[in-house]
Amino acid sequence: MDAFLSAAYPWIKSLHVISVIAWMAGMLYLPRLFVYHADAEPGSDTSETFKLMERRLLRVIMNPAMGATFIFGGLLLATPGVVDWGAGWIWVKLAAIAGMTITHQVFAKWFQAFRDDANTRPAKTYRIANEVPTLLLIVIVAMAIARPF
Ligand code: HEM
């Protein structure tokens, strides 16, 4: 298994980064859709179009991309010599990934509220929520690439 993981390392890392890009595209775009959706009249054509866009983004892109990120990231963790568990960066990266995963779950809950025409939050809430994945993304990439400690 170790020999396979070492040989496949560049490909697993490529697949990890591809999955991450797809997941992040959704994490940055979904709250933007919520911003506009919050101002649309429930039951209107506009609101129904947003529902469809949000469902496709979450179900077809974000959920599978998150799963793929975890699978390929997990394989990288298991590859010999990739992670020194005594270093600080991996723990900060894992904590920020936990934050990203919780944010994803919160967005999924908000998606359900819009789907059921039960949203009560103003557009401003989604505007602020939009910044959360951006900040976590900066921390995760800095830890994975610069590894400052
Ligand atoms: C369960 C989730 C994740 C795990 C277990 C994981 C783990 C890892 C590991 C072990 C590496 C290998 C580092 C190396 O070989 O140099 C890596 C690379 C990388 N990860 Fe993750 N990761 C996860 C999620 C994410 C997320 C959410 C992002 C971005 C938002 C991300 C961005 C990156 C990047 C950009 C690299 C490439 C670093 C380089 O080129 O050296 N990862 N990841």
Side-chain angles (χ1 to χ4, degrees), residues 1-40 49-116 118-149:
M1 186 65 179
D2 280 5
F4 167 77
L5 287 175
S6 296
Y9 168 72
W11 292 106
I12 295 171
K13 189 146 115 172
S14 304
L15 291 168
H16 178 59
V17 173
I18 292 164
S19 316
V20 159
I21 290 170
W23 186 19
M24 290 308 111
M27 288 297 287
L28 297 173
Y29 189 41
L30 188 61
R32 258 290 108 200
L33 289 175
F34 292 157
V35 169
Y36 301 125
H37 198 165
D39 289 333
T49 303
F50 280 129
K51 282 187 195 178
L52 188 69
M53 292 168 78
E54 288 155 5
R55 191 176 72 233
R56 295 229 170 112
L57 188 61
L58 188 65
R59 298 270 156 82
V60 182
I61 310 271
M62 293 170 65
N63 287 344
M66 180 175 70
T69 301
F70 272 67
I71 290 168
F72 296 120
L75 289 173
L76 288 171
L77 288 182
T79 305
V82 168
V83 175
D84 166 10
W85 293 101
W89 69 270
I90 187 65
W91 300 105
V92 177
K93 183 179 174 189
L94 290 174
I97 291 163
M100 191 73 83
T101 307
I102 292 165
T103 307
H104 179 116
Q105 303 308 332
V106 171
F107 287 178
K109 280 258 164 254
W110 290 347
F111 156 77
Q112 286 169 0
F114 277 114
R115 181 197 61 195
D116 301 339
N119 173 57
T120 52
R121 294 172 200 85
K124 190 164 176 236
T125 305
Y126 302 113
R127 237 179 264 276
I128 295 165
N130 215 343
E131 305 306 327
V132 174
T134 310
L135 294 173
L136 290 170
L137 170 69
I138 291 167
V139 171
I140 294 171
V141 173
M143 291 303 125
I145 296 180
R147 299 184 177 193
F149 42 83

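Excluded from the calculations below are hydrogen atoms, water molecules and symmetry mates; all remaining heavy atoms, backbone and side chain alike, are included. All residue numbers in this chain count up from 1 along the given sequence. Whatever order the structure lists them in is the order used to number ligands and atoms, beginning at 1.
A 4.5 Å side-chain heavy-atom check between Ile71 and Leu15 finds every atom pair outside the cut-off.
Ring-plane geometry between Tyr36 and Phe50 is classed as parallel, the angle between the planes falling under 30 degrees on a 0 to 90 degree scale with a further cut at 60.
Nearest protein neighbour of atom 28 (C) of ligand 1, counting heavy atoms only, is Ile140 CG2, 3.3 Å. Atom 14 (C) of ligand 1 has as its closest protein heavy atom Arg147 NH2, 3.2 Å. Annotation: atom 9 (C) of ligand 1 to nearest protein heavy atom, Leu76 CB, 3.7 Å. Protein heavy atom nearest atom 12 (C) of ligand 1, with residue, atom name and distance: Val82 CG1, 3.6 Å. Closest protein heavy atom to atom 37 (C) of ligand 1: Val17 CG2, 4.1 Å. Scanning all protein heavy atoms for the shortest distance to atom 20 (N) of ligand 1 gives Lys93 NZ, 2.7 Å. Nearest protein neighbour of atom 38 (C) of ligand 1, counting heavy atoms only, is Ile145 CG1, 3.7 Å. If you check which protein heavy atom lies closest to atom 34 (C) of ligand 1, you get Ala144 CB, 3.9 Å.
The Gly73 neighbourhood of ligand 1 comprises atoms 4 (C), 5 (C), 6 (C), 7 (C), with distances under 4.0 Å to a heavy atom of that residue. Set against the non-hydrogen atoms of Leu137, the atoms of ligand 1 under 4.0 Å away are 30 (C). Taking every non-hydrogen atom of Val83 and a distance limit under 4.0 Å, the qualifying atoms of ligand 1 come out as 10 (C). Proximity to Lys13 (heavy-atom distance under 4.0 Å) selects the following atoms of ligand 1: 14 (C), 15 (O), 16 (O), 39 (C), 40 (O), 41 (O). Each of the following atoms of ligand 1 lies closer than 4.0 Å to a heavy atom of Leu77: 5 (C), 10 (C). Ligand 1 places these atoms under 4.0 Å from at least one heavy atom of Tyr9: 14 (C), 15 (O), 16 (O).
Taking any N or O of His16, backbone or side chain, at least one lies under 3.5 Å from an N or O belonging to ligand 1. Checking only distances, Trp89 never comes within under 3.5 Å of ligand 1, N or O to N or O. Not one N or O of Trp23 is nearer than 3.5 Å to an N or O of ligand 1, by distance alone.
For the residue pair Asn130 and Leu28, the shortest heavy atom distance occurs at OD1-O, 3.3 Å. Between Asp84 and Gly86, the shortest heavy-atom contact is OD1-N, 2.9 Å. Taking every heavy atom of both residues into account, Pro133 and Ala129 meet most closely at CD-O, 3.2 Å. Annotation for Pro148 and Met143: closest pair CG-CE, 3.9 Å, computed over non-hydrogen atoms. What you find for Phe111 and Phe34 is that their closest heavy atoms are N-CZ, 3.7 Å. For Pro80 against Leu5, the heavy-atom pair with the smallest separation is CD-CB, 4.4 Å.
In Val20, the part holding a heavy atom less than 4.0 Å from any atom of ligand 1 is the side chain. The residue Leu136 has no part lying near ligand 1, judged by heavy-atom distances below 4.0 Å. Using a 4.0 Å cut-off between heavy atoms, Met66 makes no contact with ligand 1 at all.
Note that NZ of Lys13 is 13.0 Å distant from CD1 of Ile18, once rounded to the nearest 0.5 Å. Taken from CG in Asn119 to OH in Tyr126, the straight-line distance is 3.5 Å, to the nearest 0.5 Å. To the nearest 0.5 Å, the span separating CD1 on Ile90 from CD1 on Ile97 amounts to 6.5 Å.
Trp23 contributes no side-chain N or O that, together with a main-chain N or O of Gly67, makes up a donor-acceptor pair within less than 3.5 Å. A distance-only check finds a donor-acceptor pair linking the side chain of Lys51 to the backbone of Arg115 [under 3.5 Å].
Put simply, Ile97 stays out of reach of atom 21 (Fe) of ligand 1, with no N, O or S atom under 2.8 Å from it.
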